[in-house]
Amino acid sequence: MKNDVSGIRINGPRLLEDLEKVKEKTETPGKGVTRFSYGAMDREARAYLIESGESFGLSIETDPVGNMFFRFPEDQGKPVILAGSHIDTVQNGGWLDGIYGTLSVLEAMRRIREEALVCSKSIQLVIFAEEEGSNFGSTLTGSKFLTGRYGKNDLDSLKNQDGISLGEILIKEGYPPYNEDMMLDWRRIQGMLELHIEQGPVLAQQGIGIGIVERIYGMKVVEFTFVGVGNHAGASPMMGRQDALTAAATGILEVEACGIDLGQGQAVATVGKIQVLPNGSNVIPQQVTFTVEVRSPQEETIHGIMEEIQFRMEEICRRRNIHCHYREVAFSKPDFMNSKVVTLLEDTAKQLGESYLKMNSGAVHDACMLAPFVPTGMIFVPSIGGRSHVPQEDTRPEDLIRGADFLLAALLQLADCN
Ligand SMILES: [Zn+2]
């Protein structure tokens with residue numbers, strides 16, 4: 001006979017204590033958390049997770065790029081339900097991004113152990129290495145290796161700002177040698193769940209506790225270069241200048257205008273990186289290079305907005321007698337979460353009596369990398385003030401506990417536990 005598992009909840013105070021402890025061990029007081037993969041703070045967090053997992057009998061494996069898997073040893077041979085997130089942060093990031101989802105899965109597994117539940121599928125915690133791209137400028141590195149988007153060659157080509165390759169760092173840190181077998185075996189994996197803070201304002205503004213992600217925004221990044229004529233800032237009259245920076249400034253305002261006018265409240269357009277040459281107070285700028293990033297849940301909208309931005313940039317350059325060229329740097333299509341998993345999460349919310357919102361995610365997550373291969377779902381909890389990737393990142397304790405309870409309930413159904 002099946003046991004009724006619907007009343008099983010996580011241990012909320014214990015989850016909050018775990019989060020506080022990892023924060024204490026790895027934060028820079030007053031400056032948030034800087035926990036880069038393969039660094040000292042990352043080692044601290046891993047040690048904490050390993051000690052916690054081993055304390056209730058999990059077997060733990062670390063792969064050649066630093067992804068980790070926590071399993072119940074008795075589950076050997078069962079089909080797998082993965083659940084997890086990342087533990088690395090951006091420079092001076094927040095205390096919840098990634099680690100919240102990770103510690104919540106660990107707590108869910110601890111409760112499954114305490115209740116002596118038997119699941120027909122093996123729930124496994126996966127920790128994705130180097131999600132934020134803080135070392136090598138490439139996001140989702142661990143999940144790209146797990147899904148075959150990255151392979152052996154990328155160990156050499158991914159380099160940090162000191163010119164040290166990922167492969168060299170992994171050897172120095174003592175990770176196991178690269179082996180293609182590290183890729184996930186899709187014949188065995190039947191589902192993937194990621195719990196994460198929203199990192200935007202929607203849930204907090206609407207007073208809703210749970211977000212069920214339907215779609216993740218696609219993204220296109222184009223790098224523009226404006227070339228004018230550099231000259232002495234004092235000796236050159238205002239008329240007739242070919243100032244690359246004033247042209248770029250006009251262009252950047254057009255990027256914002258396109259985001260507002262064509263984005264229909266959903267798409268976003270951002271210039272986040274700019275380089276001015278020669279960058280001297282007494283020289284008319286000769287050359288300006290800047291990135292334009294457009295994101296939207298609709299692929300056509302991304303292309304449409306970017307085409308309009310390119311048209312307006314060319315117009316500005318023609319008017320101001322500036323040479324301009326551009327190149328595409330990155331593109332990813334919008335990703336869909338699995339509709340059956342979305343339905344299961346909606347049913348879970350109804351069973352728990354939780355208010356929920358089906359929503360899109362403007363941020364990309366490891367779950368997106370797995371979504372094309374395996375039924376995948378994502379759960380969000382509110383971010384206070386919608387803030388993330390900054391030291392002020394926070395979520396109310398009751399929302400953290402609610403999200404982890406929700407994750408546990410969904411996992412018990414996905415893995416058929418009783
Ligand atoms: Zn994250």
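What you are looking at is a predicted structure, and each value in this text was computed from that prediction instead of being measured. Quick note: residue numbers are just sequence positions, from 1. Read the numbers this way: they start at 1 and go in the same order the structure lists the ligands and their atoms.
Listed by chain and number, the residues in a side chain to side chain contact (heavy atoms under 4.5 Å, CB included) with Ile60 are Ile50, Glu54, Met68, Phe70 (sequence neighbours excluded).
Side-chain N/O atoms of Ser388 and Gln199 include a donor and acceptor closer than 3.5 Å. Counting only N and O atoms by type, the side chains of Arg71 and Ser59 include no donor and acceptor under 3.5 Å apart.
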Please list every donor-acceptor pair under 3.5 Å in which a side-chain atom of residues 250-263 meets a protein atom from a residue at least two apart or in another chain.
from, atom 1, to, atom 2, distance (Å)
Thr250, OG1, Thr246, O, 2.8
Glu254, OE1, Arg312, NH1, 2.8

Extract all donor-acceptor atom pairs below 3.5 Å that involve side chains of residues 333-344 and protein atoms in other chains or at least two apart in sequence.
from, atom 1, to, atom 2, distance (Å)
Asn338, OD1, Lys340, N, 2.9
Asn338, OD1, Val341, N, 3.1
Thr343, OG1, Ser339, O, 2.9

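Among protein atoms, those of element N, O or S found less than 2.8 Å away from the Zn ion (ligand 1) are His86 NE2, Asp97 OD1, His196 NE2.
Taking each heavy atom of Ala404 and Tyr100 in turn, the nearest pair found is N-OH, 3.4 Å.
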